[in-house]
Amino acid sequence: MGESEASSSSVHPHQRHFTWRKSIPFIPFLYMGFSLFFSFLSCAVFLPSFAFSAAIFTHSVSPNFTASNFRFIDNAGTFLLSQNGTFKASISGTNIQPSSYYFSVTHVASNSIIWSANRNAAMSDSDELSLTVNGLSVANQAGKLLWSTPPLNYKVAAMQLLETGNLVLVDARNVTMWESFEYPTDTIVVGQRIPAGKSLQSAVSEADMSVGDYRLEVTDGDVVLQWKGMTYWKLSMDANAYKDSNGDVSFMAMNATGLYLLGSDGSTVVIQVVLSNNPSGVRIGKLGSDGRLTITSFTDSNWVQELKEPVDDCRIPFICGEIGVCTMGGACTCPPRFHNEMSGGCAPMDSSLSLPQACNESTNGSQFNSSVSYLGLGYDVDYFANDFTEPVRRGVNLLSCQDLCSQNCSCLGIFHGNSSGGSCYLLENNIGSIFFTPNSTNDSLGRLGYIKALVNSSGEDPIGENKNKKQSFPIVGLVLIPASGFFLLATIVVLAILWWRKSRLSKARAVKMGRLHSSSSAELEIFYIPGLPRRFNYEELAIATENWKTQIGSGGFGTVYKGTLSDKSVVAVKKISSSGVQGKKEFCTEIAIIGSIHHVNLVRLKGFCAQGGKRLLVLEYMNRGSLDRTLFGNGTPVLEWRERVEIALGTARGLAYLHGECEHKIIHCDVKPENILLHDDLQVKISDFGISKLLSPEQSILFTTLRGTRGYLAPEWLTSTAISDKIDVYSYGMVLLEIVRGRRNNSNGEIYFPLFALEMHEQRKYLDLADPRLEERVRSEEIEKLVRIALCCVHEEPALRPAMAGVVGMLEGGLALGEPRLESLNYLRSYGGRFTEMSTMEGSNGQNEFVLFPESLAYISSQQVSGPR
Ligand SMILES: *[C@@H]1O[C@H](CO)[C@@H](O)[C@H](O)[C@H]1NC(C)=O
Ligand SMILES: *[C@@H]1O[C@H](CO)[C@@H](O)[C@H](O)[C@H]1NC(C)=O
Ligand SMILES: *[C@@H]1O[C@H](CO)[C@@H](O)[C@H](O)[C@H]1NC(C)=O
Ligand SMILES: *[C@@H]1O[C@H](CO)[C@@H](O)[C@H](O)[C@H]1NC(C)=O
Ligand SMILES: *[C@@H]1O[C@H](CO)[C@@H](O)[C@H](O)[C@H]1NC(C)=O
Ligand SMILES: *[C@@H]1O[C@H](CO)[C@@H](O)[C@H](O)[C@H]1NC(C)=O
């Protein structure tokens, strides 16, 4: 249904919205994601047609003045520009969360918000900002004040937006009474001073601008980054920082040549970080919601990131969630006796252990009643805070250190070092991520980490341990093997998890619709859930596939066979190769998650089998096979342009859904034509998503470096940058170019196609890019559309790539096409002739060995890199 509608782009979005709702069983899930998306579309596309929008002011506005997003809708909420138009003041929503509006100042060229007034109290599109002689205020329609300037001594004569981005209120004598520069949010710009004792505070997320967990604090001698009060970085440690004097710092400032900590006379430099000379441009320093400090400069349309700290992603305190282990390249795993929590982070595998809850009167009591156990984190790991805090005790042995922790409910874990007779570090109040430091120089300190866990007393056995309750679970469609108690346990875990998910979902919905106050005492109720994947016997599947007779694919962790179930439905059965498979319990947990993901453009998981060491997935069968056959195959009919657009759109929708704001954001990691499956009537479905979740932790270290296929791998895989959903966007862009051309991007003997596409885009010769087999059956503008989207997707800088939802919008026509940015595409030129993608591959003998291949990858076939594992 989604597919057939897509071709008729005139369908009203709300109509389409309705169809989606009606025909998809997993309504809440989908509804949330798509209503967000469509409400964004409707904001972006439909409201502007109301033609009563007011005109934009330049430099200055006088009282009495009011503004709302709605009143300035033709200009997307912008009501004031600085003299040369470098900055704008607007009431606008973030792209991601369009229902929340903020009164903010934005650097126009880069679309970076440098300040916002009501960051902790978002307004609606018709709530008003008013400027009166008494100052500025933001109130909602009920008259509730959301934000205002403090009382001023004189009457306001004007609000001015200066060329620096400073928003000021001046009196009749033109004296500044209030300025936004004195109330920094998460950003510093040239000309702004952050005094010692003040801080920048990160936003919660890109979508939610309210104050998050990270802060940058200017101290009297340094600049520190902190997470929940714990330091994880200092400016003075930075490789580019120079300490010039020992005086006290009075403020931090940035100018055309660098970032400075200056003394009270305003000229004595205490610490400086020299940046490239940028006399005419704009420079923006920002503490991101991810905890990174970045400084970026803009000259004309050039966008250069000059500083990104911490350099090592693994030093970001919460990068892998609670107790998650950050490994090389920013990949996350769990310590040995922990498993992935669905909420992110890690929890003990042993279900009789639980992590202590936040410290208060009642928990302190109960903590003393239950016994405490310490789970070791293994060798070669360390904690970010250890380098910035003194041990609470020196000269104590491990047991004494554990005792110190056991006595205090705010202590959640310890690190114990061997130096000076034993140093004891306590992890208090919050635990962030752990980082992996193979062969670290810290070995001299020999710090070993332990996480405190509470042993549940018998009275409060966790669900599933108490086998007497088994009759009360309506176990639907599951075959239990009586001899194996473990199967029962695994089943119960799956059911419990599904119940938990369902309750979370409905809670999220309740929150969305109204307000849910407290989650009432959670009584265990097990529902029959339609999404529960069916469990198969191995024998059943052997019969269905006629003893693995028809192989229809391989790669992606195993071999795929065609099968027919007893109800005559045709399925694809994937045998996961045994070596990398995790334990049954974890496998089932992940199956429950993958099985609950339903989208018309994602291959549906119909069932699974976990028997002995065998792991199989039963998947929807797609009769036209994968896109690579149809697109690159010889004997197959040529895909018409319209069909290509359909495939591009279906794939984009599937990925957008995986990346969407649903509970378990999934990064596919291996988007390529082989994983895009087709069915009659051009149904498009993505396969192999979520597979990364089915591997054991050790395997997933390997996996994260091996995942992806040469030619579709985003550059950041190979640097230390954290991996985000933007890696899928990159791969999608590469696939889109192949869809346009109908050939592999790096076909032998031809110019590297992405580079050719860039060059033809620069010369606007789009017709040269289309599949020659299409002859004259496609117009230049149609090609331009896909090529421009593809080039935007393969920007080297992940932040410059559109989100998948944005790609869908551009393909559908609801969003304006992006403009490829040459400065982030120039890397293609060096890739061109000599294809020097660096990658890693599996060592020949061991499972966990890495071999780095800096420039020699040209000799490795893609099969070796991505083939059957
Ligand atoms: C501005 O509004 C205030 C209160 O609403 C009113 O008293 C005042 O006369 C207005 N000033 C102008 C210049 O309209
Ligand atoms: C107000 O002061 C600024 C700088 O102090 C000056 O550039 C501007 O011309 C003054 N405006 C008026 C109306 O005096
Ligand atoms: C930037 O500030 C530093 C410290 O005050 C100063 O030494 C330097 O000359 C300034 N650079 C420019 C271009 O103004
Ligand atoms: C626990 O540790 C915190 C932080 O060191 C301290 O403030 C608190 O007093 C301690 N509580 C007890 C009961 O010792
Ligand atoms: C700590 O030091 C002791 C004695 O110096 C040594 O026996 C022990 O092996 C060391 N432990 C670690 C983990 O290095
Ligand atoms: C780490 O040390 C081990 C044993 O000393 C060695 O085999 C391995 O090659 C080292 N790894 C790195 C990355 O240096």
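When reading the values below, keep in mind they use all heavy atoms of this one structure, side chains included, and skip hydrogens, waters and symmetry mates. First listed ligand is number 1; within each ligand, the first listed atom is number 1.
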| said: Which of the numbered atoms in ligand 3 are under 4.0 angstrom from any heavy atom belonging to Asn255? | reply: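 Contacts of ligand 3 toward Asn255, numbered from 1: 1 (C), 2 (O), 3 (C), 8 (C), 10 (C), 11 (N), 12 (C), 14 (O).
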
Taking the six-membered ring for Trp and the full ring for Phe, Tyr or His, determine whether the centres of [X] and [Y] are under 6.0 Å apart.
X	Y	value
Tyr232	Tyr214	yes
Phe65	Phe57	yes
Trp178	Tyr183	yes

| field | Options Leu261, Thr257, Asp244, Leu262, ranked by nearest heavy atom to atom 5 (O) of ligand 3, top entry | value | Leu262

For [atom], is there a protein heavy atom at a distance under 4.0 Å?
atom	value
atom 7 (O) of ligand 3	no
atom 11 (N) of ligand 1	yes
atom 3 (C) of ligand 1	yes

| Is the charged tip of Arg447 near the ring of Tyr425: under 6.0 Å from the six-membered ring centre and within 45° of its axis? |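 Yes, Arg447 lies over the aromatic ring of Tyr425.
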
| field | Nearest protein heavy atom with distance in Å, relative to atom 14 (O) of ligand 1 | value |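 So the nearest neighbour among protein heavy atoms is Asn64 ND2, 3.4 Å.
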
| request: Would you kindly say whether Asp382 and Thr437 are connected by a side-chain donor-acceptor distance under 3.5 Å? | output: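 Looking only at side-chain atoms, Thr437 and Asp382 do not form any donor-acceptor pair under 3.5 Å.
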
